[in-house]
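This report concerns only the one structure given below.
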Amino acid sequence: MNVLFASFEAVPFAKTGGLGDVAGSLPAALNALGHDVRVFMPRYRVIPAGLLDGAEFLFSASVNIGGVEKYAGISRLVRGGVTYYFLDNEEHFGGDGVYGYGDAGAEQSVFFCRALLELLPRLDFAPEILHCNDWQTALIPAMLRRQYPERPLKTVLTIHNLQYQGIYGMDRIRYLTGLPDDCFAPGWGSLEFYGAADLLKGGIVYADAVNTVSPTYARETLTPAYGEKLEGVLASRGAAYCGILNGLDCGLYDPRTSRRIPANFSSRRMAGKAACRRALLDEFGLAAEGVPVISVVSRLVDQKGLDLVAGCIENVLRDGAATLVVLGSGDPSYERFFDGLARRFPRRVGAWIGFNAELADRVYAGSDLFLMPSRFEPCGLSQLIAMKFGAVPLVRETGGLSDTVTSYNEVTGRGNGFSFAPYAAADLEFTLRRAISFYTDRPDVWRTLIARCMKKDFSWTASARRYGELYAGLTSAGGPAASSI
Ligand code: ADP
């Protein structure tokens, strides 16, 4: 199957979260199954220059957005068996970061989707499927169906996080896209969302198949508690909406070979893990004699359950029961909280505010327990990476966290981590103390948990096959393969 994979992020070129990991590894996994999946993404000014060495300029064209002609350059690079097409435009992709904020986000998205569809016939590649990811690329299905009806292409929309929908003024989107008026009429079959234009909703309505990144999150998003007001629209897609669990680039996150951690290790040779732990404590000037090193690597936003951490972590720290390392950036109030905590507990808490991919791997490898008590979690890759690096996960039972972590049960002996369900600081604290007691009192159990985490198969193989089936179902006569979510 020939597939063009449209994404605003892909490792190693650009990453702000899990989408970057997925777009950087799923296409290669699909290609290993015999498909030809190529990535179409922005050529951001902030992509480190060396990564684009060898990129070949293909052509430039002008693309009309709301009556204005805009430059669009296309270059191509083959890396790791995947062909990347980079879309260049100084105005939209020449900023200090990846995403444009406010209205700039709408302009960036419309430009990207229009340029992809306009320039597609000139690429040296004829896809059968356009695979869109998140709201930034979600206009493609509506534009394709309504403005290029002669093209026999199918579309897939993958929702990596339903909370981010790209909601803008209706007149603005109508003007920028030139989509017909009925695309904005109130109802479940349009982009209209409470009087505004919702780009993600347009993708959900117009894509031939829609999926999210774990079966549990797919089910949860059909309920008002998790549906972000789109639960009815998602439900209206019936069997065309499903959940496919993300995999991990196991080559990139392999403690046996990673060059980003101070010492290598495996589930059978754990001396390197102890060295990584010591190095992490030294790096942050911390002590953790006889207590676990707990880590958080996260965007510091409400989604991640950080108010629960704030609500109980000091009780645990005051007892001297654990040491904490936090790496993250986001909401200034959480940044201030963790910074302040590090100042008040200088030997017990280390905080690094910012985005730092190499430090992230050192934190995973150097910690014993990884904390991720999310309010909701489409899939979550951080807990998978933590497990690969031998840090036992402690999660809230939601979305992909439920699909990847099973709480340790001392009666049956089953489980690969710790979890709790109610969204409450008291429940997190209880579970944290439970995990700590296993770390301090039952090293045999702890060793078993680490081994289970490290051996668990998080490779893309099974999930890439499911995407392959999804593609095949769209191009065969019968429409999307029926899903049971
Ligand atoms: P989300 O996509 O919601 O941010 P995921 O768990 O799916 O959450 O993916 C997060 C990815 O971003 C992981 O690869 C994680 O290691 C990485 N990450 C998050 N915060 C940081 C940070 N401050 N520095 C480096 N990497 C980070």
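A quick note: this is a predicted structure, and the numbers were derived from the prediction, not measured.
Between the side chains of Tyr241 and Thr221, at least one donor N or O sits under 3.5 Å from an acceptor N or O. No hydrogens or angles considered: a donor-acceptor pair under 3.5 Å links the side chains of Tyr85 and Asp124. Thr216 and Ser214 share no donor-acceptor pair across their side chains, judged by distance under 3.5 Å alone. No side-chain N or O of Tyr217 forms a donor-acceptor pair with one of Asp403 less than 3.5 Å apart. Between the side chains of Glu220 and Thr398, a donor-acceptor pair is found at a separation under 3.5 Å.
Atom CG of residue Leu139 and atom SG of residue Cys113 lie 5.0 Å apart, to the nearest 0.5 angstrom. One distance of note links CZ of Arg347 with CG of Leu281; it measures 9.0 Å at 0.5 Å rounding. The CD atom of Glu469 sits 10.5 Å away from atom OG of Ser463, with the distance rounded to the nearest 0.5 Å. Rounded to the nearest 0.5 Å, atoms OG1 (Thr431) and CD1 (Ile436) are 10.5 Å apart. One distance of note links CG of Leu300 with CG of Leu327; it measures 8.5 Å at 0.5 Å rounding. Taking CG of Asp444 as the reference point, atom CZ of Arg447 lies at 6.5 Å (rounded to 0.5 Å).
For the side chain to side chain donor-acceptor pair (under 3.5 Å) condition, the pairs that include at least one residue of residues 335-345, sequence neighbours left out, are Glu314-Arg344. Screening residues 284-295 for side chain to side chain donor-acceptor pair (under 3.5 Å) gives Ser295-Ser367 as the qualifying pairs, with residues at least two apart or on separate chains. Counting only residues at least two apart or in different chains, side chain to side chain donor-acceptor pair (under 3.5 Å) contacts with residues 7-20 comprise Glu9-Thr16, Glu9-Tyr99, Lys15-Asp21, Lys15-Tyr253.
Every residue two or more places apart in sequence or in another chain that forms a ring pair (Phe, Tyr, Trp, His ring centres under 6.0 Å) with Phe5 is listed here: His131. Partners of Phe345 by ring pair (Phe, Tyr, Trp, His ring centres under 6.0 Å), not counting sequence neighbours: none found.
Nearest heavy atom pair, residue Ile244 against residue Leu470, reads CD1-CD2, 4.4 Å. The shortest non-hydrogen separation linking Val98 to Gln108 is O-NE2, 3.2 Å. When every heavy atom of Arg299 is checked against every heavy atom of Gln303, the shortest pair comes out as NH2-OE1, 3.1 Å.
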Result block: side-chain N/O donor-acceptor pairs under 3.5 angstrom for residues 418-427, not counting sequence neighbours:
unit_1, atom_1, unit_2, atom_2, d
Ser419, OG, Glu397, OE2, 2.7
Tyr423, OH, Asp307, OD1, 2.5
Tyr423, OH, Arg375, NH2, 3.4

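Inter-residue side-chain proximity for Leu157 and Asn133 is flagged as unmet; no heavy-atom pair is nearer than 4.5 Å. Side-chain atoms of Leu317 and Val349, non-hydrogen and from C-beta on, do get closer than 4.5 Å to each other. The shortest distance between side-chain heavy atoms of Phe337 and Val326 does not fall below 4.5 Å. Residues Phe265 and Arg256 form no side-chain contact, since every pair of their non-hydrogen atoms from C-beta on lies 4.5 Å or further apart.
Aromatic rings from Phe438 and Trp446 are positioned such that their centres are separated by 6.0 Å or more. A distance below 6.0 Å separates the ring centres of Phe370 and Tyr364.
Note on ring orientation: taking the six-membered ring where Trp is involved, the planes of Phe86 and Tyr84 are parallel (angle under 30°, cut-offs 30° and 60°). Ring pair Phe93/Phe111 is tilted by interplanar angle, where 30° to 60° counts as tilted.
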Exercise for the section: Output, in order, the C-alpha distance, side-chain angles, deciding distance and verdict of side chain to side chain donor-acceptor pair (under 3.5 Å) for Trp135 and Ser109. Expected result: CA-CA 8 Å; Trp135 71 263; Ser109 164; over 6 Å; no

Practice task
Could you walk me through whether Arg269 and Ser266 pass side chain to side chain donor-acceptor pair (under 3.5 Å), step by step?
Solution key: CA-CA 5 Å; Arg269 299 167 71 89; Ser266 70; 5.5 Å; no

Practice task
Take Phe112 and Phe40, measure what ring-ring contact (aromatic ring centres under 6.0 Å, His included) needs, and give me the verdict at the end.
Solution key: CA-CA 10 Å; Phe112 181 90; Phe40 190 94; 5.4 Å; yes

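If you run side chain to side chain contact (heavy atoms under 4.5 Å, CB included) between Leu234 and each of Thr223, Leu222, Thr212, only Leu222 comes through.
Ionic pairing of Asp302 and Lys304 is not present here: no N-O contact between side-chain nitrogen and carboxylate oxygen is shorter than 4.0 angstrom.
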